[in-house]
Q: 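First, the structure itself, so that you have it in front of you.
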Amino acid sequence: MESITFGVLTISDTCFQEPSKDRSGPRLVNLIQRDFQNSSIVTSYLPDERDLIQRELRKWIDRQDVRVIITTGGTGFAPRDVTPDATKPLLDKDCPQLTMAIALASLQKTKFAALSRGVCGIANNTLILNFPGSEKAVVECFETVSDLLPHALHLMGDEVALVRRTHAEIQGTDQAVKVDSSPALRGHVCPHKTGAGNDHDRNSPFPMLPVDEALSIIFNVIQRSTELEKLVNELSSPVNIPPFRASIKDGYAMKSTGFSGTKRVLGCIAAGDKPSACALQEDECFKINTGAPLPEHADCVIQVEDTKLLQRDKYNNETLVEIMVEPKAGLDVRPIGHDLTKGDAIFPSLDASPVVVNSLLASVGSRQIIRKPKIAIISTGSELLSPKDAPTVGKIYDSNTTMLEQLLTYFGFECIQARVLSDSIEAITDTLSDLFDVVDFVICSGGVSMGDKDYIKPVLEKLNFQLHFGRVNMKPGKPMTFASRQQKYFFGLPGNPVSAFATFHIFALPAIRWAAGWERTKCSLPILNVKLLNDIILDGRPEYVRASVICRNGQLCATVTGDQISSRLQSIVGADVLIHLPGSTSSKPQAKAGDIYSASVLRYDFISKYE
Ligand SMILES: Nc1nc2c(c(=O)[nH]1)N[C@H]1C(S)=C(S)[C@@H](COP(=O)(O)OP(=O)(O)OC[C@H]3O[C@@H](n4cnc5c(N)ncnc54)[C@H](O)[C@@H]3O)O[C@H]1N2
Ligand code: MOO
Ligand SMILES: [Mg+2]
């Protein structure tokens, strides 16, 4: 499920006075966090006052992000119980069946449930549910609706593909066995068949998550470093830039109180010289270079283009010049601290680019080093041969290790160890244990699918890692796996080289950037729209297609880089973007030339041709 914001509103005179007495609101928050791991929750307390309740509900309804509001309390028969009465006028649509489902489930527990007047309905794009005030009732009501919510929201948002998938799943649920009980996966609507993954039921036990949902899990699980943000917020400049009044031009430094005309040249001041304290008359000047310190008694610079050389001495030094424009105080002088003043913040905003951070730090003479996540790369596969070795029967050259090392370097990170392992449980277990003593991230390729030599998932379980997801609804990259143990993170990229390439960009890179303290919007690759130049038959899975970009009169157009099979590494040659193609539907089985799709930008030099 994509990230949802829930509103939890506790309505009770008592709890409003003393929020510490509220048990139902916090319980609801726990339940939401359990079933919707990537959700955000806003909470509030109100007394049983109709106007106040309506005002708060309206505020939340108007927010784009709040999709579900659950109120607890004020649903009974007492004179001050007005929650349903405050809710009803705000609803665009009643949801009486949902109200009934909650009532029926509650009535099975206690007949007193008949004394709740709570309603359910939709206001704008927000689902509102009135739950009673007791903690027990809140749990019962939530359990009743929890697994309906994702589908309800997809329907409300008119997310046709997701709705279709759920319908398909409902029709086939009798065979679909959900074996995973981890909270990240519970409550999830799985679009593809899952099974037990054993001899009797050979389907993967891992639900196939939508890419967005998998990404949300990554952002929720990975702890973001605060070092960078702290630095940006707290680091003030220990120096002035420039530290002296500096000339902006190559020219002559003089007093602005003097006039244009002939001046004697007292000497030359170059960048790196000390500021001259020499006395200076109005008819005198110093020759000066850009960036050099102004003499103490000068206050302006006249650029060399506005002067005439009148005389040199026998040593070829300039002795007389004519100044052809009127000097003005401050002309072509950079005052002390003009670019950055001592004590001022060095970073006006967060910019995690290492180019930016390190150059700014260098400019103030700071030796501070920003810690980057420590990353290791593992390639698994008994078939792998080092590119240095001679070809051997049955073996293939390992391209993933080099590709992943190069990608880390390209994006400003570093691989501190790279290992190539055969498909051996012992080798993988021992290497992972050792590596995680040293590194924060392991980016691994291979061994995550359904083969009897695909040992990664069992090894992670053995090492007490929590497997957050083990399949993603994407092509290439379906068996993409993410696991963590405390603040150690494992990315299991599928072994096919292009699958590893795509999943690195879509998942591993944003994760590393997030851990390094980047802002969330900057973590993923930039996305822009491209016009397709080919027809493409859509796959059942949403597909990340490698394509070259041509800029035609400002319009970005994309040509697919040949056969897109995930083993064909050649498809990354000339690939500027990954076009996001949707999964096929009966109404749209093909992407057509001329269609516009969003695409992730893979590289800085992402335009291959201007036409
Ligand atoms: N029964 C099923 N089989 C497969 C499924 C499935 O759902 N059911 N998924 C397929 C998909 S999709 C992918 S992608 C691959 C992923 O496989 P693994 O992650 O388990 O990777 P391996 O099996 O180890 O290798 C796959 C392929 O890639 C080559 N490879 C591996 N490492 C490297 C490397 N470092 N350099 C170059 N090439 C590498 C390897 O030789 C294999 O050809 O699983 C499908 N199977
Ligand atoms: O998803 Mo696999 O990555 O199709 O080849
Ligand atoms: Mg495999």
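Order of appearance sets the numbers: ligands from 1, and atoms from 1 within every ligand.
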Q: Is there a polar contact, in the sense of an N or O pair closer than 3.5 Å, between Lys475 and ligand 2?
A: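 No: no nitrogen or oxygen of Lys475 is under 3.5 Å from one in ligand 2.
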Q: Around atom 5 (O) of ligand 2, find the nearest protein heavy atom and jot down its residue, atom name and distance.
A: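 The answer is Ser566 OG, 2.3 Å.
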Q: What are the atoms of ligand 2, with element, lying closer than 4.0 Å to any heavy atom of Gly477?
A: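 Those qualifying, in numeric order: 1 (O), 2 (Mo), 3 (O).
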Q: So if I count the atoms of ligand 2 from 1 in the order they appear, which ones are less than 4.0 Å from some heavy atom of Lys478?
A: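 Going through ligand 2 atom by atom, the ones under 4.0 Å from Lys478 are 1 (O), 3 (O).
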Q: Which ligand 1 atoms are under 4.0 Å away from a heavy-atom of Gly446?
A: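 Contacts of ligand 1 toward Gly446, numbered from 1: 19 (O), 21 (O), 24 (O).
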Q: Can you check whether Tyr489 and His468 have ring centres sitting under 6.0 Å from each other?
A: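 So the answer is no for these two rings.
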Q: I'd like to know if the side chain of Asn400 pairs up with that of Ser379 as donor and acceptor (distance under 3.5 Å, no hydrogens or angles considered).
A: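 Checked: Asn400/Ser379 side chains show no N/O donor-acceptor pair below 3.5 Å.
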Q: When rounded to the nearest 0.5 angstrom, what is the spacing between CZ in Phe413 and CD1 in Ile375?
A: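 That separation rounds to 6.5 Å.
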Q: List ligand 2 atoms under 4.0 Å from Pro476, heavy atoms only on the residue side.
A: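 Result: 1 (O), 3 (O), 4 (O).
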Q: At what distance is the nearest protein heavy atom to atom 4 (O) of ligand 2, and which residue and atom is it?
A: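 Checked against all protein heavy atoms, atom 4 (O) of ligand 2 sits closest to Arg541 NH1, 3.3 Å.
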Q: Run the numbers for me: atoms of ligand 2, each under 4.0 Å from some heavy atom of Asn496, listed by number.
A: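 The list of qualifying atoms is 5 (O).
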Q: What I'd like to find out is whether the side chain of His580 reaches to under 4.5 Å of the side chain of Ser600, using heavy atoms alone.
A: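 Contact flag for His580/Ser600 side chains = yes.
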Q: Just jot down the ligand 1 atoms closer than 4.0 angstrom to any heavy atom of Asp454, in number order.
A: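 So the atoms of ligand 1 that pass are 20 (O), 23 (O).
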Q: Cut-off 3.5 Å, side chains only: do Thr561 and Gln564 have a donor facing an acceptor?
A: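 Thr561 vs Gln564: donor-acceptor pair found between side chains.
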Q: Distance under 4.0 Å to a non-hydrogen atom of Pro494: what atoms of ligand 1 satisfy this?
A: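 Under 4.0 Å from Pro494, ligand 1 has these atoms: 14 (S), 16 (C), 19 (O).
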Q: Can you tell me the protein heavy atom closest to atom 25 (O) of ligand 1 and the distance?
A: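 So the nearest neighbour among protein heavy atoms is Gly495 CA, 4.0 Å.
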Q: Look only at interatomic distance and state if Ser449 has a nitrogen or oxygen under 3.5 Å from any nitrogen or oxygen of ligand 1.
A: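 Between Ser449 and ligand 1, an N or O pair is found under 3.5 Å apart.
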Q: For ligand 2, which atoms, with element, lie under 4.0 Å from some heavy atom of Ser499?
A: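 Matching atoms, with element in brackets: 2 (Mo), 3 (O), 5 (O).
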Q: Counting the benzene-type ring for Trp, do Phe465 and Phe436 have ring centres under 6.0 Å apart?
A: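 Yes, close enough.
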Q: Are any of the N or O atoms of Asn496 closer than 3.5 Å to those of ligand 1?
A: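 Between Asn496 and ligand 1 (N or O atoms, distance only) the closest approach is under 3.5 Å.
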Q: Do side-chain atoms of Asn534 reach the backbone of Ile536 as a donor and acceptor pair under 3.5 angstrom?
A: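 Checking the backbone N and O of Ile536 against the side chain of Asn534, no donor-acceptor pair under 3.5 Å is found.
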Q: Where do Ala593 and Asp535 come nearest, in terms of heavy atoms and distance?
A: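 Minimum heavy-atom separation between Ala593 and Asp535: N-OD1, 2.7 Å.
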